[in-house]
Asker: 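Provided herewith is a single structure, encoded as structure tokens, for subsequent inquiry.
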Amino acid sequence: MRKEQIAKKLPPRYDRCCRYLSAEERAANEAAGLPWTVRFAMPLDGETVVHDELHGDISFKNADNDDFIILKSDGLPTYHLAHIVDDHLMKITHLLRAEEWISSAPRHIQIWRALGWQPPLIYHVPDVLGQDKKKLSKRHNAPSWKTFQQQGFLPEAVFNFLALIGWSFDDKTELFTREELIHVFSLERIGVSGGIYDAEKLAWMNGVYIRKLSLEEFTRRTLPFMERPEAEGGLPASISRPLDFDYTSRVLSLEQERLRTLGEAAAAVSFFYTDEEFDASLLIQKGMDAGKTRAALVRVRDVLASLATWDHEVMEPSIRELINETGLKAGQLLGSIRAAVSGRPHTPPLFTMMEVLGRERTTRRIEHAIARLTGQ
RNA sequence: GGCGCAUUCGUCUAGUGGUCCAGGACGCCGCCCUCUCAAGGCGGAGAUCACGGGUUCGACUCCCGUAUGCGCUACCA
């Protein structure tokens, strides 16, 4: 029957063949052991109005709805019946569900009416959409909470971010703690159109939340991400676990304002734990050559060796003085030192970084850099 | 195909008839700060409020139509 209807370009629907069966015919069918379902006899004409608190009145022609099944042949109720009965028994006052349910709402209104029950306040809320403008779903390429968690997104940040898709407090406030959100949230301010979730903005907001953390908490929450297996994004296997909390805390204090997710931490700070390979060309800054760089680093080594205490406030003036003496640009000298001690072009501020790295490790790395430049 | 919902900067949104030649945020660009990267500060570009008709002294805001997007069209929810 269905195929026939589709072929004729008619809406596929139930032909209501059993709606008008007499009591005798029904009894005969039952006696014959015919399989059966219970369908809801929709009014044949008129319309059903769904009053939605967000969308207003939505009306549907009853003729467009066929006699839908409320009890399946296995004896179990369909969602339509179960939902109304269950909600009524649970004394549900507000019904909030995604907007794709709007189409079946008139059926529910009819069931409520047939049972003589008062429908709750109904809110059909917008969906969170993917880039394809379709509802975010696990079936598609939607990230699950688990993947967010593995990447190091903070629950409070994701919570805050999600709250702002389809809802807003006013024209400027957008950072809310969970408690604040619970306090200021109002159903009236839920919007009607779906919103595409923007990964960039989530990352930004996560960074905001990371920066708000106390160093202690930031460290405690980041440590597990760093200690996880290398293959999962943790530090190289050669670095022994567990990590020292205090040292890691000092390391992370330098990265807190730079991270957008906790998962990025390991890659950003691994050089604080182990010596890493890097291209020697990184040592040579713009306008410099191997010889000049080597000479400069030798003087840096000597200046650092002469310091009584290993403190960035002591190091900085001494190195600045060296910059003046050598006539080099700050970027040239500091860039070389940066590369020597970290093996990277971008790092936290040099002096605090060297302080955390410690005298022994810093000195050894500078010596190593000097040695590498000597052969050239 | 039928029915329904939606439509303000690239994105999330503010806005309920005049205070909007449309405000905030992310992103982008520039400047400042600065040893790099960030963070922060300042500024900029970016929306004929989907389009077309009405209603009104006046429409982003109300009504109608069109387009587009999405949803539903199961003995699934």
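Lettering of chains follows the sequences in order, A, B, ..., and the numbering in each one begins at 1.
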Asker: Is it the case that the side chain of A/Ser253 and the backbone of A/Arg250 share a donor-acceptor pair, with hydrogens and angles ignored and the cut-off at 3.5 Å?
Answerer: yes
Asker: Restricting to nitrogen or oxygen on both sides, can you table the protein-nucleotides 18-24 of chain B pairs closer than 3.5 Å?
Answerer:
{"unit_1": "B/G23", "atom_1": "N2", "unit_2": "A/Asp171", "atom_2": "O", "d": "3.2"}

Asker: Classify the ring geometry of A/Phe40 against A/Phe68: parallel below 30°, tilted from 30° to 60°, perpendicular beyond 60°.
Answerer: parallel
Asker: Between atom CH2 in A/Trp204 and atom P in B/C28, what is the gap in whole Å?
Answerer: 13 Å
Asker: On a whole-Å scale, what distance lies between the C1' atoms belonging to B/C9 and B/A14?
Answerer: 13 Å
Asker: Taking N and O atoms by type only, does the side chain of A/Ser73 place a donor or acceptor under 3.5 Å from a partner on the base of B/C75?
Answerer: yes
Asker: Tell me if the centroids of the rings in A/Trp204 and A/Phe161 come within less than 6.0 Å of each other.
Answerer: no
Asker: Could you tell me how far apart A/Lys134 (NZ) and B/C72 (C1') are, to the nearest whole angstrom?
Answerer: 14 Å
Asker: Provide the distance between the two C1' atoms, one in B/U16 and one in B/U48, to the nearest whole Å.
Answerer: 23 Å
Asker: If you measure from the C1' atom in B/C49 to the same atom in B/A6, how many Å do you get, rounded?
Answerer: 15 Å
Asker: Specify the residue among A/Ile196 and A/Phe351 whose closest nucleotide of RNA chain B lies further upstream toward the 5′ end.
Answerer: A/Ile196
Asker: Can you tell me the distance, in whole Å, between the CD atom of A/Glu200 and the P atom of B/G10?
Answerer: 17 Å
Asker: Looking at A/Gln332 and A/Lys329, would you say the former's side chain and the latter's main chain have a donor-acceptor pair under 3.5 Å?
Answerer: yes
Asker: Please name the nucleotide paired to B/C37 by Watson-Crick or G-U wobble geometry with both distances under 3.5 Å, or report none.
Answerer: none
Asker: Identify, between A/Arg260 and A/Gly166, the residue whose nearest nucleotide on RNA chain B lies closer to the 5' end.
Answerer: A/Gly166
Asker: Classify the ring geometry between A/Trp167 and A/Phe169 as parallel (under 30°), tilted (30 to 60°) or perpendicular (over 60°).
Answerer: tilted
Asker: Taking a pair as Watson-Crick or G-U wobble with both distances under 3.5 Å, which nucleotide is matched to B/A14?
Answerer: none
Asker: CG of A/Asp127 versus C1' of B/G69: gap in Å, rounded?
Answerer: 13 Å
Asker: Does B/C49 have a Watson-Crick or wobble partner in any strand here, with both distances under 3.5 angstrom, and which is it?
Answerer: none
Asker: Taking the basic N atoms (NZ, or NE/NH1/NH2) and the acidic carboxylate oxygens, is any pair closer than 4.0 Å for A/Glu277 and A/Arg372?
Answerer: no
Asker: For the P atoms, the ones on B/A59 and on B/C51, what distance do you get once it is rounded to whole angstrom?
Answerer: 15 Å
Asker: Tell me the partner of B/G43, counting only Watson-Crick (N1-N3 plus N6-O4 or O6-N4) or G-U wobble (N1-O2 and O6-N3) with both under 3.5 Å; none if nothing fits.
Answerer: B/C29
Asker: Between A/Glu180 (side chain) and A/Thr177 (backbone), is there a donor-acceptor pair under 3.5 Å?
Answerer: yes
Asker: Which nucleotide, in any strand shown, forms a Watson-Crick or G-U wobble pair with B/C62, with both distances under 3.5 Å?
Answerer: B/G54
Asker: I'd like the P distance from B/G23 over to B/G43, given in whole Å.
Answerer: 14 Å
Asker: Once you apply the 3.5 Å cut-off to both distances, tell me the Watson-Crick or G-U wobble partner of B/C3, or none.
Answerer: B/G71
Asker: Would you say B/C35 has OP1 or OP2 under 4.0 Å from some side-chain N or O of A/Arg320?
Answerer: yes
Asker: Checking all strands, does A/Gly195 fall into the base, sugar-phosphate, or nothing category for heavy-atom contacts under 4.0 angstrom?
Answerer: sugar-phosphate
Asker: Using the ring of each side chain (for Trp, its six-membered ring), is A/His80 parallel, tilted or perpendicular to A/His108, with breaks at 30° and 60°?
Answerer: tilted
Asker: Using the C1' atoms only, state how far B/C76 lies from B/U11, rounded to an integer number of Å.
Answerer: 33 Å
Asker: Is the shortest side-chain N/O distance from A/Arg189 to OP1 or OP2 of B/G15 below 4.0 Å?
Answerer: yes
Asker: At under 4.0 Å between heavy atoms, what does A/Ser168 touch on the DNA or RNA strands: base, sugar-phosphate, or nothing?
Answerer: sugar-phosphate
Asker: May I ask you to decide if the ring planes of A/His88 and A/Trp117 are parallel, tilted or perpendicular, using 30° and 60° as cut-offs?
Answerer: parallel
Asker: With heavy atoms under 4.0 Å as the rule, sort A/Leu164 into base, sugar-phosphate or nothing.
Answerer: sugar-phosphate
Asker: Just call it for A/Arg344: base, sugar-phosphate, or nothing, with non-hydrogen atoms closer than 4.0 Å on any strand.
Answerer: nothing
Asker: At 4.0 Å (heavy atoms only), tell me whether A/Pro126 reaches a base, stays on the sugar-phosphate, or touches nothing.
Answerer: nothing
Asker: Kindly give the atom pairs (protein nitrogen or oxygen, nucleotide nitrogen or oxygen) under 3.5 Å for nucleotides 3-5 of chain B.
Answerer:
{"unit_1": "B/C5", "atom_1": "O3'", "unit_2": "A/His55", "atom_2": "ND1", "d": "2.9"}

Asker: When rounded to the nearest Å, what value does the distance between P atoms of B/C3 and B/C64 take?
Answerer: 16 Å
Asker: Does A/Arg258 place a side-chain N or O at less than 4.0 Å from the phosphate oxygens OP1/OP2 of B/U36?
Answerer: no
Asker: Please check: side-chain N/O of A/Asp279 versus main-chain N/O of A/Gly343, any donor-acceptor pairing under 3.5 Å?
Answerer: no
Asker: Taking the ring centre of each residue, are A/His83 and A/Trp112 less than 6.0 Å apart?
Answerer: yes
Asker: Take atom P in B/A39 and the same atom in B/G27, then report the distance between them in whole Å.
Answerer: 8 Å
Asker: So, the side chain of A/Tyr247 versus the backbone of A/Phe272: is there a donor-acceptor pair under 3.5 Å, distance only?
Answerer: yes
